Amino acid sequence: MGTTSNGDRPWESCHTVYTNAKAGMDGVDKEKVQRVIYEMSKGSKYFENEQRKDAILKEKIERMQAQCAKLTEKDIEKFQMVADKRIEELESSRDLSKIWLHSDMDAFFAAVETLENPSLEGKPLAVGSMSMISTANYEARKYGVRSAMPGFIAFKLCPELVLVPVSFDKYVHYSEKTRKVFRRYDPNFIATSLDEAYLDITEICKGRGVTREKVAEELRKAIYEETALTCSVGVAPNRLLAKVCSDINKPNGQYVLLNELEAVLTFVSSLPIRKIGGIGKVTEHILRDGLGISTCEDMLRKSAYICGLFSPSSVDFFLSVGLGLGNTETPQLRLRKSISNERTFSSTDDQSLLFKKLEETAEALSDDLQKESLFGRTLTLKLKTSSFEVKTRATSLQKFIQSKEHIFFHASKLLRAELPLSVRLIGLRMSHFGEAESHPADPTQRTLGSFFTEGTSAGRETISEPTVDHLDEEEESTTDLAPPSSTQQGAVSWLNDYICSLCGYELPPSFLKERQEHSDFHLAEILQKESPTPPKKRRKPTSNGSKHIPIEFFFDRTKEK
DNA sequence: GGGGGAAGGACCA
DNA sequence: TTCCTGGTCCTTCCCCC
């Protein structure tokens, strides 16, 4: 979006407001769509934040260009040697023995809704809400409506749009039906979402002596017979290319790339980098404007610059893309690494409301952890401010926790440190999973919950007994330190019947629940005097400037070599 | 200097 | 009036050993 030089047509340089990367959007009146989105967005907090991010990106690219210009002939020669060696190594790892198929359901959520309500047939349809659209059918895409677009903008683009809410259960039901079919072709198929999957069809092709085209056709037919829904399929020697291929003849089509080196290299030579999974809007922009790379082949032509500017893992990824290499092995069963829950609401700086939202989120996260029998020790609080800036704050504990009470207890500490703040989203994420050390619960053990319910305000129900994960020993040992009197509503007394004696926070006497919560936080602080992990020194507070990714890092590497 | 935690961000469906 | 949710991976900064 960002700063623009074409004054009377500012939307034209608004690269964040429009993308036709989605299938079915060719032939859309791009300029009109861009103008409408710009008009609807400009001046909003969201738009301002996008401009801020754009400005950072622009600066990053300019610095990159400047540093590129500084590279001497000798530097470039040296990096070219490094690049050539790496390309040779990557090339030697090429495996053309596998046949991968990528299946992608066509406008899945919208197709399911139409199937269940045939009166929607032929109408422009989107699934989602006024805030956000999940899927748009092909009729709606003709108007520029697409997923990840807010509904109110979609209506501006297409006033006759039908908007239906997301019904996740329905999609899971149909997804299960598709998976039944996938299992017949590859019992170890990899599902990447409800509507996408990768299948290794090497054995099916060999065993039955049929072509990959035939298998693709057969699979699409089987999916249709099973679900009455269409899908698109891509077949290629690796998963990266199979995904690109499945997008080529969307909807209800297929594209097959042969397992021949020549065919692969020809295929990627003119392929736009944005078609590659893993290269999104930002990376495309950096590569295109920073290094003049817009096709996969350009990755090889500019390999010296790539080696000079990016980290080893990025270099490997970019060069692999240039060579048309991708994963060919079925990965080992991968365990979940984190689990999270977040909710967006109307922006508020009302602290009691924020803690209420936090408590709800803690409960939802705890429910999810319990469903999967998981205990975690790193808790991350995510906040989106009313200006759309995202902050995350994490804490790592000594023990693994799961209960709502423990999550809320630790999350509250993280949130309090950020207040006052106007917030529109609160999220909690649990990671670093492991075994809880002290369950099942010893009924005689005193817990955080019992401390609150017995020690501070008998009969209250704000915090219930944790059932599985117990209070840390350190926490427990501190529970006797300062048992607050119940007449003080916990650790706090209220000066002039209004002001918190510990922090000066003001709450009217009638705000009983809020006062109780406030008191609980101070209690929590007392309990945490001997914190499970000593608080680490916080990173320097990030100013706007320091949020930039320091490009010099890349060029320090230049000097090293 | 390496390992690991924290914070931020890109990307995906 | 309204710009999501839940997940993974990567990078950088920083502390500690």
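Each chain gets a letter, A, B and so on, in the order the sequences are listed, and its residues count up from 1. The structure presented is a predicted model; accordingly, all values stated were derived computationally and were not measured.
- Distances shown here put a side-chain N or O of A:Ser340 below 4.0 Å from the OP1 or OP2 atom of C:dG7.
- The shortest distance between the side-chain N/O atoms of A:Thr283 and the OP1/OP2 oxygens of B:dC11 is below 4.0 Å.
- For the OP1/OP2 pair of C:dC4 and a distance below 4.0 Å, the side-chain nitrogens and oxygens of A:Arg424 include at least one atom meeting the criterion.
- By the salt bridge (charged side-chain N to carboxylate O under 4.0 Å, His left out) test, A:Asp289 is found to be paired with no residue, residues two or more places apart in sequence or in another chain being considered.
- Rounded to an integer number of Å, the gap from CG of A:Leu194 to C1' of C:dG6 is 12 Å.
- Put simply, A:Lys243 has a side-chain N or O that comes within less than 4.0 Å of OP1 or OP2 on B:dA13.
- Contacts of A:Ile276 with the nucleic acid, taken as non-hydrogen atoms under 4.0 Å apart, involve only primed sugar atoms and P, OP1 or OP2.
- Among the heavy atoms of the strands, none lies under 4.0 Å from A:Phe108.
- Note on A:Lys45: nothing from the nucleic acid sits closer than 4.0 angstrom, heavy atoms only.
- For C:dT8, the OP1/OP2 oxygens have no side-chain nitrogen or oxygen of A:Arg336 closer than 4.0 Å.
- For A:Lys384, there are no side-chain hydrogen bond (donor to acceptor under 3.5 Å, both in side chains) partners two or more places apart in sequence or in a different chain.
- Nucleotide C:dC3 holds its P atom 13 Å from the CD1 atom of A:Ile133, rounded to whole Å.
- Rounded to whole Å, atom P of C:dC4 lies 14 Å from atom CE of A:Met130.
- If you check every strand for non-hydrogen atoms under 4.0 Å, A:Leu425 touches sugar and phosphate atoms only.
- Look at A:Lys170 and A:Glu113 and you find a salt bridge, because one of the NZ, NE, NH1 or NH2 atoms lies within 4.0 Å of a carboxylate O, short of that distance.
- Distances shorter than 4.0 Å separate some side-chain N or O of A:Ser313 from OP1 or OP2 on C:dT11.
- Residues passing the salt bridge (charged side-chain N to carboxylate O under 4.0 Å, His left out) test with A:Lys45, sequence neighbours excluded: none.
- Stem analysis of DNA chain C (at least three stacked-register Watson-Crick or G-U pairs, each with both distances under 3.5 Å) gives B:1-13 with C:5-17.
- When the C1' atom of C:dT8 is taken as reference, atom NZ of A:Lys382 falls 13 Å away, rounded to whole Å.
- Proximity of A:Ser314 to the phosphate of C:dT11: a side-chain N or O atom is located under 4.0 Å from OP1 or OP2.
- Between A:Lys281 and A:Glu284 there is no salt bridge, since no side-chain N of the basic residue sits under 4.0 Å from a carboxylate O of the acidic one.
- OP1 or OP2 of C:dC3 has not a single side-chain nitrogen or oxygen of A:Ser44 nearer than 4.0 Å.
- For the OP1/OP2 pair of B:dG5 and a distance below 4.0 Å, the side-chain nitrogens and oxygens of A:Ser396 include no atom meeting the criterion.
- For the salt bridge (charged side-chain N to carboxylate O under 4.0 Å, His left out) test, no residue two or more places apart in sequence or in another chain qualifies with A:Glu139.
- Distance, A:Arg146 CZ to C:dC3 C1': 11 Å, rounded to whole Å.
- At least one side-chain nitrogen or oxygen of A:Lys337 sits closer than 4.0 Å to the OP1 or OP2 atom of C:dC9.
- Residue A:Arg377 places none of its side-chain N or O atoms closer than 4.0 Å to OP1 or OP2 of B:dG4.
- Note on ring orientation: taking the six-membered ring where Trp is involved, the planes of A:Phe408 and A:Phe355 are perpendicular (angle over 60°, cut-offs 30° and 60°).
- Atoms CZ (A:Phe152) and C1' (C:dC3) sit 6 Å apart, rounded to a whole Å.
- Note on residues 158-167 of chain A: no pairs pass salt bridge (Lys or Arg N to Asp or Glu O under 4.0 Å), not counting sequence neighbours.
- Residue A:Ser134 has no polar side-chain atom (N or O) positioned under 4.0 Å from OP1 or OP2 of B:dA13.
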